[in-house]
2 protein chains.
Amino acid sequence: MTRTASGTVDTVDSAAAARSTADDVTRVAVSTVIFSLRRDEGDTCPSVVLPLVRRTRDPFEGDWALPGGWLDSSESLDAAASRTLAETTGLTPSYLEQLYAFGDVDRSPTRVVSIIYWALLRPDEVTAAVAEENVSWFDASDLPRLAFDHNEIVEYALWRLRNKVGYSRIAHGLLADEFTLADLREVYEAILGRRLDPANFRRQAEGSHAITPTDRFRTGSHRPARLYRYDHDVELADRGPLVARH
Amino acid sequence: MTRTASGTVDTVDSAAAARSTADDVTRVAVSTVIFSLRRDEGDTCPSVVLPLVRRTRDPFEGDWALPGGWLDSSESLDAAASRTLAETTGLTPSYLEQLYAFGDVDRSPTRVVSIIYWALLRPDEVTAAVAEENVSWFDASDLPRLAFDHNEIVEYALWRLRNKVGYSRIAHGLLADEFTLADLREVYEAILGRRLDPANFRRQAEGSHAITPTDRFRTGSHRPARLYRYDHDVELADRGPLVARH
DNA sequence: TCAAAAGTGTTAGTATTACACCCATGC
DNA sequence: GCATGGGTGTAATACTAACACTTTTGA
């Protein structure tokens, strides 16, 4: 059994073999940008927040970084994202999707290719992480200087989030099972950074057939608001052929 | 060779076993799905085609696979995609973008994480590859069984292409510098797989401010058609913050 | 009763679609 | 001339945005 070629074509095998001296190996890391929403006391609208981990060793010791870890040779990329996420933050997000592979030569002192995922957390899923050591939540629009190229990565993840909220149903990943239309609208407003007309938003949401009204209401300070839940038939279906792989 | 998984211990020879610690390292490959359009003789509309490379050794010897190669430790992912593409096919596409990272454990006999790119070729860029050995062009809708998980990868790339053509200007990457509106429309029709109204398409294209009319015409069998070219100011700007990195 | 959020109605503007029609050229 | 694709006009429809208005609750 020849152990040389496997990835793609083999016309470059000899060159690759010559290069693959032990410490020349490029390692593969997996990290995740986790988004959630937090509403500050008596605030106009919630803001996008994400958890970061303080580095305890070089390089970038003391700096904040995305949660992650090394890819284990016996697990898939998706599994590595879930595992490293749980290990570093204790979180198990409801929504997890690959974002991009970053592999510039100088993005780390040693050669590291990082497969980045992004995740969404419902408000009830957030509790786990607040107790963890070395984990802290930051406002996405007000980040410190992060380790490696992680500032750039978060910017890209935010761009994807804002884009995807326009044509997909990912707001689901940031809401509890039951929610009012105002809750849903606030998710969109927080991500898009602008107010939306309640009347028009209601019509769009109801017309999309992505949500179904329940017969329950949330009572509160004013007129009770009807609670809705997502149609599970409609969710996803915007990630293409890849979702069928699991 | 029909060896499937790497787990059958009794069939592994001693040399391979001796290397098995080194093989615990996951290697990184880079491959590319290259799309172009080909119009068959007297045909209704062009079809999407892509070049594949025949494997000359195990695993999947004799099968067709995506062009690619190993990531060199001294080059970025983008550079590796360009380099391996040129080495295996002689092509230098005008459009090249990362697609997805595939890393399931059993996608190859040895552990390989493949960073997949996708590319678009203008008709004038195609010539280089037809002369290469072991390279052949296939209709995207009629592929043979490919090596590894490359069938799945091509499906995903096609999905991305069809999606992106809806909100982006990537048709640019499949056309020569100057083109008629019928040329442009045919690109969309080939990718989307349906006919478009010429009148409405014209208005949309002209109203998008992505193209500018020249004062030249293409003369042919009927009334001459005005030639257009793309506004270079407008192109791209749909890949988010990542494009600024080069 | 009043403030405020829930929810409904209406209208203007804009984009999409379908299709009728004229124009210019090669044969 | 006439067939064919290039190019223009137009009406119907659907979607979007703006905003006036009614309803229902807690205080």
Side-chain angles (χ1 to χ4, degrees), chain A residues 39 41-46 162-163 165-169 171 175-176 178-229 234, chain B residues 39 41-46 162-163 165-169 171 175-176 178-229 234:
Chain A
R39 58 171 331 109
E41 296 300 324
D43 201 4
T44 162
C45 93
R162 291 197 192 99
N163 259 73
V165 85
Y167 63 87
S168 165
R169 310 286 170 230
L175 282 178
E178 293 193 342
F179 50 87
T180 68
L181 285 176
D183 292 338
L184 185 59
R185 179 164 45 85
E186 278 182 345
V187 172
Y188 281 83
E189 290 178 342
I191 294 173
L192 298 176
R194 61 188 168 93
R195 311 312 296 257
L196 301 173
D197 184 295
N200 296 329
F201 183 84
R202 161 181 303 274
R203 269 183 293 263
Q204 271 190 262
E206 283 176 337
S208 73
H209 299 290
I211 59 176
T212 41
T214 70
D215 51 358
R216 298 223 304 291
F217 291 80
R218 174 180 303 164
T219 174
S221 53
H222 295 293
R223 173 176 174 176
R226 184 179 292 276
L227 289 168
Y228 290 76
R229 42 174 67 243
V234 182
Chain B
R39 56 172 332 109
E41 296 300 325
D43 201 4
T44 163
C45 94
R162 291 197 192 98
N163 259 73
V165 85
Y167 63 86
S168 164
R169 310 284 169 232
L175 282 178
E178 292 193 343
F179 49 87
T180 68
L181 284 175
D183 292 338
L184 184 60
R185 181 164 44 86
E186 278 181 344
V187 172
Y188 280 83
E189 290 177 340
I191 293 173
L192 298 176
R194 62 188 167 92
R195 311 313 296 257
L196 301 173
D197 184 297
N200 296 330
F201 183 85
R202 162 182 301 275
R203 269 183 293 262
Q204 271 190 261
E206 283 176 336
S208 74
H209 299 291
I211 58 175
T212 40
T214 69
D215 51 357
R216 298 224 303 291
F217 292 81
R218 176 180 302 163
T219 173
S221 52
H222 296 292
R223 172 175 172 175
R226 184 180 292 276
L227 289 168
Y228 290 77
R229 44 173 64 245
V234 181

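Order of the sequence lines fixes the chain letters, A, B, ..., with proteins taken first and strands second; residue numbering starts at 1 for each chain. Side chains included, hydrogens not; waters and symmetry mates left out as well; all remaining heavy atoms used. Please read all numbers here as calculations on a predicted model, not as lab measurements.
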On DNA chain D, more 5' by nearest nucleotide between R194(A) and R223(A) is R194(A)
Rounded to whole Å, the CZ-P distance (F201(B) to dG7(D)) equals 13 Å
Separation of dG5(D) atom P from D197(B) atom CG, nearest Å, is 15 Å
With a 4.5 Å heavy-atom cut-off, do R218(B) and P224(B) have their side chains touching? no
Rounded to whole Å, CG of D183(A) lies from C1' of dG7(C) at a distance of 16 Å
Of the candidates dA18(C), dA6(C), dG5(D), the side chain of H222(B) sits closest to dG5(D)
Students often get this wrong, so: under 4.0 angstrom with heavy atoms, is A199(A) touching a base, only sugar-phosphate, or nothing? base
Between the base of dG7(C) and the side chain of R203(A), is there any donor-acceptor pair under 3.5 Å?
no
Of N200(B) and A182(B), the one whose closest nucleotide on DNA chain D sits nearer the 5' end is A182(B)
note: F179(B), atom CZ; dG6(D), atom P; distance rounded to Å ~ 14 Å
R185(B) atom CZ is separated from dT17(C) atom P, nearest whole Å, by 15 Å
**Prompt:** Is a side-chain N or O of R226(B) found less than 3.5 angstrom from the main chain of T214(B), in a donor-acceptor match?
**Reply:** yes
Is R202(A) salt-bridged to D197(A), cutoff N-O under 4.0 Å?
-> no
Check your understanding: Looking at side-chain heavy atoms only, is the closest gap between F179(A) and V187(A) below 4.5 Å?
Key -> no
Would you classify R226(A) as touching base, sugar-phosphate or nothing, given that sugar-phosphate means primed atoms plus P, OP1 and OP2, and contacts are heavy atoms under 4.0 Å? sugar-phosphate
The residue, P198(A) or S221(A), whose nearest nucleotide of DNA chain C is more 5′ is S221(A)
Between CZ of R218(A) and P of dA4(C) the distance, given in whole Å, is 20 Å
Quiz prompt | Validation row: L227(A), D215(A) side chains within 4.5 angstrom (heavy atoms) | solution = no
Here the distance between atom C1' of dG9(D) and atom CZ of R202(B), to the nearest Å, is 13 Å
Here the distance between atom P of dG7(C) and atom CG of L181(A), to the nearest Å, is 7 Å
